[in-house]
Amino acid sequence: MASEPFTCRWAALSLSSIASVFIPDIQLPREASEAIKHELVAVSTTGSDARARDWFKENNITNAEAVKVYHDWQEMLEKADFDVVYISTPHPLHYSHARQALERKRHVLVEKPATMNAAQYERLAELARKQGVVLMEAMWTRYVPATRYLQEELLPRIGEVRRVYADFSFPIVSPELPHTSRFLDKAAGAGSLLDQGVYALTWADLGLHGCNNTSAVTEVVHANTMSVPAVLGEVDDIDTVVLSKKDRQSAAQQAVAIVTTSMTLPGSSKPSFYQRLQASKSAPSVRIEATKASVAIPFPPIRPQELHVQWYDAEHLDKDGIETEEVIQKPVERGWGIWYQADVIAAKVAQRRPGSEGEVIGCEESLRILRWMDEARKQAGIRYGVELDQL
Ligand SMILES: NC(=O)C1=CN([C@@H]2O[C@H](COP(=O)(O)OP(=O)(O)OC[C@H]3O[C@@H](n4cnc5c(N)ncnc54)[C@H](OP(=O)(O)O)[C@@H]3O)[C@@H](O)[C@H]2O)C=CC1
Ligand SMILES: O=C1OC[C@@H](O)[C@H](O)[C@H]1O
């Protein structure tokens, strides 16, 4: 990390709903002593200049008058002076938008799911390395304090993980939602597995591979789906995926994960999206069960802030020999918390040495999950138009 503070200059490819969360989050006030700062310097939008100015006002964008507005995203990638482009278009566009950014030697943060399938991301990763730039999937959940604590402090202490339950169900789809919404339009990549299941699969990956255990391989052994009722095009909704982790040499099964997702269960989608996402629910969204302890993560699993650890090894039993539970609070320090990932990629960009090979942050994890989703789609019969899956 350079000694002087690094201000990462961002370009936003589209003024999406999530961009209205990400950009304000990275612009939240920081201490002068902080090593990394962020500023928005350019946007591209299919909307008008007026719409862009309204968007800046609605989202309290700092220094908005200095942000350059493009109506051609390729022109922005070609001409704008920025460090990293944040791509938050609908999933089927991620591959082409990220590829064209990488071809112009741009550093890229691309929203989840990074691409529609693993082959597309393999192609992007190869290009990023060749071009000497940084590529990262915006799976921001991995970078918040609670997830970091799980990986760095808990997984090494809870023994061998034997079973993971991971769910991310959120009724983003209500009966009133227009069928033109990206959540119901297959041409926009609609479907629970790619949109929300990717988070539950990320928790399965953290539980099964969070300790970087390379002596095992995890495969999809079952996948099932039920579509959103009364919607054209078989939009997958209530999905179940079972993963089996096996030793590479002996093929002995070491662990299993049961992963579920839904865009209609449970509850109503009436109140505001972000209020609902913070409403507590009775059952945990994630349980990681190991030989010395189990770790439960409350809803919403996309933004974990506490870990419930139930210890059952001898040294943690109470005086009556009963298991003890520990609740560990790891709140995000400010805003929504989607800014942690921005600091990760900004630090890598700041450290770049000209001419060095490029880097794909979290590449192995992103590819593992994309391959699981490819196989789950095949077993469950979740299909998109061929053009969405092409290279
Ligand atoms: N990490 C997270 O927490 C979340 C991530 N996401 C991910 O972000 C992505 C976007 O989701 P969301 O924000 O809900 O989507 P929105 O539908 O709100 O925004 C998508 C934007 O993409 C732009 N766009 C659409 N079609 C085209 C096109 N053909 N060419 C160029 N731009 C286009 C439009 O921007 P404009 O009008 O400016 O042209 C549109 O507003 C998805 O991949 C989703 O998975 C979504 C929600 C949460
Ligand atoms: O990434 C996401 O986070 C919250 C979900 O409900 C949303 O639809 C999805 O795209």
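Note that ligands are numbered from 1 as they come in the structure, with each ligand's atoms numbered from 1 the same way. Below, each value reflects all heavy atoms present in this structure, side chains not excepted, and no hydrogens, waters or symmetry copies.
Shortest contact from atom 48 (C) of ligand 1 to any protein heavy atom: Ile18 CD1, 3.5 Å. Among all protein heavy atoms, the one lying closest to atom 5 (C) of ligand 1 is Glu111 OE1, 3.3 Å. Remark: minimum distance from atom 12 (P) of ligand 1 to any protein heavy atom is reached at Arg182 NE, 3.4 Å. Shortest contact from atom 45 (O) of ligand 1 to any protein heavy atom: Lys112 O, 2.6 Å. Residue, atom and distance of the protein heavy atom nearest to atom 7 (C) of ligand 2 are Asp195 OD2, 3.7 Å. Of all protein heavy atoms, the one lying nearest to atom 18 (O) of ligand 1 is Ser17 OG, 2.5 Å. Scanning all protein heavy atoms for the shortest distance to atom 29 (N) of ligand 1 gives Leu93 CD1, 3.6 Å. Nearest protein heavy-atom contact of atom 32 (N) of ligand 1 is Thr89 CG2, 3.6 Å. Closest to atom 21 (C) of ligand 1 among all protein heavy atoms lies Ser14 OG, 3.6 Å.
Within the 4.0 Å heavy-atom criterion, the part of Lys112 lying near ligand 2 is the side chain and not the backbone. Contacts of Arg51 with ligand 1, taken as heavy-atom pairs under 4.0 Å, involve the side chain alone. Contact annotation for Arg182 and ligand 2: only side-chain heavy atoms (C-beta onward) come within less than 4.0 Å of the ligand.
Ligand 1 has at least one atom lying under 4.0 Å from a heavy atom of Asp195. Judged by the shortest distance from any of its heavy atoms, Met139 lies outside the 4.0 Å radius around the atoms of ligand 1. The closest approach between a heavy atom of Trp336 and any atom of ligand 1 is not below 4.0 Å.
Where the criterion is an N or O separation shorter than 3.5 Å, residue side chain and backbone included, Ile338 fails it with respect to ligand 1.
Of all atoms in ligand 1, listed by their number and element, those nearer than 4.0 Å to a heavy atom of His94 are 43 (O). Counting the atoms of ligand 2 from 1 in the order shown, those under 4.0 Å from a heavy atom of Gln196 are 5 (C), 6 (O), 8 (O). For ligand 2, the atoms sitting less than 4.0 Å from at least one non-hydrogen atom of Phe183 are 8 (O), numbered in the order shown with element in parentheses. Interface of Tyr199 with ligand 1, defined as ligand atoms under 4.0 Å from a residue heavy atom, comprises 1 (N), 2 (C), 3 (O), 4 (C). Listed by atom number, the atoms of ligand 2 under 4.0 Å from Phe170 heavy atoms are 6 (O).
Annotation: Gln329, atom CD; neighbour count of heavy atoms from other residues, nucleotides and ligands within 6.0 Å is above 12. Counting heavy-atom neighbours within 6.0 Å of Leu232 CG, excluding the residue itself, gives a total of 12 or less. In Arg99, the CZ atom is crowded: over 12 heavy atoms of neighbouring residues, nucleotides or ligands sit closer than 6.0 Å.
Of the listed residues (Ala12, Gly47, Ser16, Ser88), the one carrying the non-hydrogen atom nearest atom 10 (C) of ligand 1 is Ser88. Nearest to atom 24 (N) of ligand 1 by heavy-atom distance, out of Ser96, Pro113, Pro90, is Pro90.
No side-chain donor-acceptor contact under 3.5 Å links Glu357 to the backbone of Gly132.
Of the residues Arg30, Lys348, Lys37, the one that meets the salt bridge (Lys or Arg N to Asp or Glu O under 4.0 Å) test with Asp343 is Arg30. The only option from Thr261, Thr225, Thr260 that meets the side-chain hydrogen bond (donor to acceptor under 3.5 Å, both in side chains) definition with Ser192 turns out to be Thr261.
Checked against the 6.0 Å centroid criterion, the rings of His97 and Trp73 qualify as a close aromatic pair.
Applying the salt bridge (Lys or Arg N to Asp or Glu O under 4.0 Å) test to residues at least two apart or on different chains, the pairs with a partner in residues 147-175 are Glu160-Arg162, Arg163-Glu289.
Within the 4.0 angstrom cut-off, atom 2 (C) of ligand 1 has one or more protein heavy-atom neighbours.
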